[in-house]
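On a predicted model such as this, the values are computed, not experimentally measured, just so you know.
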Amino acid sequence: MRSVRKTIPIADSSFEFWFVLSDRLLTDILDALEIVNSTYKNSDCNHLFINFIPTFVLEPEQVESALTGFIDRHGKRLWRQRVTGAEIRFNVQTSKSENPIPVRFTISNVSGFVLQMETYTEEKNSAGELIYKSLGAPGSMHLQPISNKYQIKEWLQPRRYKAHVLGTAYAYDFPELFRQSIRNSWAKASAQDPTIRAPKELLNAKELVLDENNEIHELYRPPGSNNCGMVAWIFEMFTPEYPQGRNVIAIANDITFRIGSFGVAEDMVFFKASELARKLGIPRIYLSANSGARIGLAEEVQSMFRAAWNDKEDISKGFKYLYLTADEYQTLNSDGQKVVFGQEIEDEGERRYLITDVIGATDGLGVENLRGSGLIAGETSRAYDDIFTITLVSCRSVGIGAYLVRLGQRTIQNEGQPIILTGAPALNKVLGREVYSSNLQLGGTQIMYKNGVSHNTAANDLDGIAKIIDWLSFVPAQRGGILPIIRSIDPIDREITYTPPKGPSDPRHFLQGKFENDDIKGEWLSGFFDKDSFVETLGGWARTVVTGRARLGGIPMGVIAVETRTVDHVIPADPANASSEEQVLVEAGGVWYPNSAYKTAQAINDFNKGEQLPLIIFANWRGFSGGQRDMYNEVLKYGSYIVDALSNYKQPAFVYIVPNGELRGGAWVVLDPTINSDMMEMYADTKARAGVLEPEGIVEIKFRKPHLLAAMERLDDTYRNLKQQLKSTDITADQKAEITIRLELREKELLPVYSQIAIHFADLHDTPGRMKAKGTIREALEWKNSRKFFYWRVLRRVYEERWLKQIQAANTDLTREDCLSHLKQWFCQDTQSEHETWESSDDSVSQWLTQSSQHIEEHIQKLRQSFIAKQVVDLAHSDRSAVLDGFIETFSTLTPEEREFLVNQLTH
């Protein structure tokens with residue numbers, strides 16, 4: 001730890017002059033520090049003290065704002081030189097003070113991401129000693145003597161530095177990163193809606209610790225008190241979507257403890273914390289920074305074993321066995337613990353124990369770690385199916401760490417941090433040559449983001465945590481909970497002003513809007529969803545499909561759209577194969593390929609499992625790519641995954657064929673609402689088309705040249721007359737030849753026109769009007785008004801499903817149709833509406849479903865009571881004696897008032 005001190009006498013006391021000078025000054029200081037640090041490589045916790053002698057005429061707030069910009073400009077270099085603290089002293093003349101006030105600004109940044117700035121004045125205490133006195137909220141040095149020595153490196157700093165060298169935050173700094181990210185999300189929400197105010201408490205973190213019985217408990221303990229390389233917390237987070245608080249479980253590898261490897265203790269902490277998340281039904285966050293399963297040797301045996309040589313005089317001839325003497329064997333296996341197994345033998349005139357198995361005095365040396373890895377792998381797989389799981393790859397993730405990343409599915413990967421099964425040096429040894437220069441070649445973002453293992457990338461840990469907080473904003477607080485629907489600043493009933501064109505275009509434009517002509521000064525053309533709410537995931541993989549999350553009138557939704565432009569699919573060359581070359585495959589827009597079909601199914605499963613989001617698919621597919629390469633690459637298998645995912649979808653799902661879009665053949669089949677009729681609905685824009693084949697293909701099969709000629713003869717007088725003349729028996733051979741020539745010329749002239757007529761005629765079979773008439777879609781919609789329509793429809797279906805589940809739970813004998821019938825009946829009774837209103841007015845039904853909770857719950861309670869009464873009667877018919885015994889036992893637990901009421905009821 002080094003402290004750099006500078007006292008600056010300057011003639012000009014203007015704030016602007018100081019502002020310019022401070023930049024130049026800090027550059028000089030950092031240049032000097034860089035020279036020193038090149039000599040002392042492990043420099044850490046460097047501290048700056050700058051004292052400006054003249055008096056500045058300004059307000060403290062001005063300096064605080066300037067310092068923030070100052071740190072923004074120089075922050076990266078300050079951190080690179082391990083400057084974690086700074087103190088700047090001014091003499092300030094404010095508008096409120098007659099005399100200059102000594103002001104000190106202290107800045108600290110021990111984690112690398114969370115900047116803490118405190119402001120003090122210098123005052124004298126009763127003993128005449130100069131002390132720090134906070135301006136505003138009390139700081140860490142409030143009322144402390146200025147003469148106090150600077151704090152030396154705290155005991156956690158070596159661990160923190162070790163983590164930073166590896167490129168990740170120290171495990172115990174993550175709660176503060178979460179707090180900072182939540183603070184930033186409140187700032188963003190307040191910028192969009194000034195009525196929003198952040199609470200004082202943003203995060204309450206309690207560590208989860210195992211006791212001697214491997215039971216997990218909440219515990220407040222100092223950071224760094226962990227005795228294993230896995231740390232877990234339960235966070236209560238107060239976010240803009242849940243200002244009253246929401247809970248999540250966070251699990252982190254401590255990479256400073258045995259390089260973050262997974263031993264038995266680590267596996268148990270992970271397992272119990274994840275199990276608790278599933279029990280509570282709350283999200284589970286994994287912060288991955290590890291070295292895979294732990295490996296080790298029994299050091300107590302390693303320091304004692306002996307070798308029996310084939311030839312003592314020439315040990316190059318090898319050894320016969322490893323052994324321990326009798327005393328050594330007994331010493332190692334004392335206290336009833338078997339550290340080593342051996343076979344008693346007599347050799348070379350002494351009693352020996354030939355070592356057959358090394359067990360070890362400590363747990364976690366080998367195969368037991370693999371067993372623990374299997375335990376947490378299975379737990380993570382169950383957690384993905386049960387709750388919301390997400391992973392931040394904060395540092396390298398190796399072996400079981402890599403599998404946990406994939407099993408949790410939703411992954412944010414920091415740039416420069418690999419996800420690998422085996423390290424590059426180990427692979428190079430297997431291959432016998434230096435093939436891979438780094439682990440990033442095997443599992444960096446250029447690999448894992450492009451193949452869909454990583455959903456998103458982040459610049460650093462704070463950026464990654466921010467993306468986790470953003471992702472959580474779409475997710476219910478707990479399993480089966482209410483969606484985090486927020487008040488939308490973007491009007492619900494506005495028209496959509498951007499319409500997807502007929503040709504290739506970027507689908508993100510109709511999802512989120514765009515500036516006209518891509519000019520930020522141009523007119524804003526609004527999209528389907530709330531402005532700035534769309535967040536894309538899996539953007540680097542299978543780019544012919546676009547997936548993500550967005551809000552519709554404040555309602556969070558899962559989104560799948562189609563890329564209509566041609567994209568390049570790059571398959572990198574493998575350095576291990578000298579003959580391999582990079583391949584660039586061209587993928588057409590509007591077509592499902594193996595990778596994009598898999599991506600579609602993956603996204604649907606993510607929305608369904610844990611996130612519980614309503615889904616909207618903006619359909620515009622011509623079908624699946626069925627060439628030899630794609631059939632070999634299992635396009636049929638991955639296409640069927642889409643059906644699997646939709647058939648298991650538990651939330652409302654909507655398919656909307658976009659304007660100028662089409663849905664053909666197999667693409668329709670895997671999205672048809674009959675796959676999951678309880679949850680799925682299909683709509684088509686008035687300008688959309690759908691059918692088995694495109695009109696051109698239909699014409700090639702069903703409207704060939706003979707049909708075209710027949711249509712010409714029926715519709716064209718000239719052609720019909722020529723045909724009739726040709727059939728006449730009164731014409732000469734020359735006349736017949738002339739008529740034949742004229743007929744062929746007429747055919748040649750009319751064929752292009754009639755080909756267009758045929759295509760148009762076939763196209764008329766693919767219209768939304770025919771789709772509606774055949775019952776294959778629910779409604780034909782106009783794009784500009786579809787936002788308003790879907791808002792009320794989605795809101796209705798979300799709350800409808802919520803109440804249907806409660807009705808079903810109250811009376812398990814009821815079918816879904818029965819539950820819907822009850823809900824419809826209650827709506828008509830409560831609102832005095834006609835039955836047609838239930839079918840046609842989504843806004844009226846939505847308002848009743850959201851605003852009449854008390855009435856609906858009363859209706860459900862009556863259903864529950866009648867169902868229980870029926871069950872009691874049925875039980876009485878099956879075993880009257882048992883029911884009477886139960887009744888007597890229940891009667892004994894009643895209060896006097898309840899007994900009196902029951903007696904009166906039975907009497908009457």
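No hydrogens or angles considered: a donor-acceptor pair under 3.5 Å links the side chains of Q409 and Q602. Remark: the D606 side chain and the H455 side chain contain an N/O donor-acceptor pair separated by less than 3.5 Å.
A salt bridge links K772 with E779: at least one charged nitrogen is closer than 4.0 Å to a carboxylate oxygen. A salt bridge does not link D568 with R543: every distance from a Lys NZ or Arg NE/NH1/NH2 to an Asp or Glu carboxylate oxygen is 4.0 Å or more. A salt bridge does not link R246 to E241: none of the charged side-chain nitrogens sits closer than 4.0 Å to a carboxylate oxygen. A salt bridge is defined here as a Lys NZ or Arg NE, NH1 or NH2 lying under 4.0 Å from an Asp or Glu carboxylate O, and D385 with K609 meets this definition. A salt bridge links R816 and E801; the closest N-O separation between the charged side-chain nitrogens and carboxylate oxygens is under 4.0 Å. The residues E839 and K824 are annotated as salt-bridged, a charged nitrogen and a carboxylate oxygen being separated by less than 4.0 angstrom. Salt bridge K687/E782: absent, no basic N to carboxylate O contact under 4.0 Å.
For Y683 and F789, the gap between ring centers is short of 6.0 Å. You'll find the ring centres of Y593 and Y638 outside the 6.0 Å limit.
With a 6.0 Å radius and a threshold of 12 heavy atoms from other residues, nucleotides or ligands, Q829 has its CD atom above the threshold. Q854 CD: 12 or fewer foreign heavy atoms inside a 6.0 Å radius. Within a 6.0 Å sphere centred on CD of Q871, heavy atoms belonging to other residues, nucleotides or ligands number more than 12. Within 6.0 Å of CD in Q628 there are 12 or fewer heavy atoms belonging to other residues, nucleotides or ligands.
Residues Y449 and N456 approach most closely at CE1-CA, 3.9 Å, considering heavy atoms. Annotation for A588 and T544: closest pair O-CG2, 3.8 Å, computed over non-hydrogen atoms. In terms of heavy-atom proximity, G610 sits nearest to V475 at O-CG1, 3.8 Å. Of all the heavy atoms in I485 and P556, the pair that sits closest is CG1-CD, 4.1 Å. The minimum heavy-atom distance linking I675 with V643 is given by the pair CG2-O, 3.9 Å. Residues M682 and L671 come closest through the heavy atom pair CE-O, 3.5 Å.
Side-chain atoms of S640 come within 3.5 Å of backbone atoms of K637 as a donor-acceptor pair (strictly under, hydrogens ignored). Here the side chain of N608 pairs no donor or acceptor atom with the backbone of L613 at under 3.5 angstrom. Side chain of T391 to backbone of G408: no donor-acceptor contact under 3.5 angstrom is found. When atom types are taken as modelled, the side chain of K514 and the backbone of W524 share no donor-acceptor pair closer than 3.5 angstrom. A donor-acceptor pair under 3.5 Å links the side-chain atoms of H765 to the main chain of F761, judged by distance alone. Judged purely by atom type and a 3.5 angstrom limit, S841 has no side-chain atom pairing as donor or acceptor with the backbone of T837. Counting only distance, with no hydrogens or angles, the side chain of S677 and the backbone of P673 share no donor-acceptor pair below 3.5 Å. Without hydrogens or angle criteria, K599 side chain to T547 main chain gives no donor-acceptor distance under 3.5 Å. Checked by atom type and distance alone, the side chain of T850 pairs as donor or acceptor with a backbone atom of Q847 at under 3.5 Å.
Taking the six-membered ring for Trp and thresholds of 30 and 60 degrees, W592 and F624 have nearly parallel ring planes, at less than 30 degrees apart. F703 and H707 have perpendicular rings, their planes meeting at more than 60° on a 0 to 90° scale where under 30° would count as parallel. Ring geometry for F618 against W783 counts as perpendicular: the plane angle is over 60°, on a 0 to 90° scale with 30° as the lower cut.
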**Message:** V658 vs D685, test: side-chain contact (heavy atoms from CB on, under 4.5 Å). Steps then yes/no.
**Reply:** CA-CA 6 Å; V658 298; D685 191 82; 5.9 Å; no

**Request:** Could you check T815 against D818 for side chain to side chain donor-acceptor pair (under 3.5 Å), going step by step and ending with a plain yes or no?
**Result:** CA-CA 5 Å; T815 64; D818 294 333; 3.0 Å; yes

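Sorted by first then second residue, the side chain to side chain donor-acceptor pair (under 3.5 Å) pairs that include residues 526-541, not counting sequence neighbours, are S488-D530, R494-S526, T497-S526, R508-E536, D530-R787, T537-R549.
A cation-pi contact links R796 to W838, judged by a cut-off of 6.0 Å to the six-membered ring centre and 45° from its axis.
Here NE2 of H760 is found 14.5 Å from OG of S755. Values are rounded to the nearest 0.5 Å.
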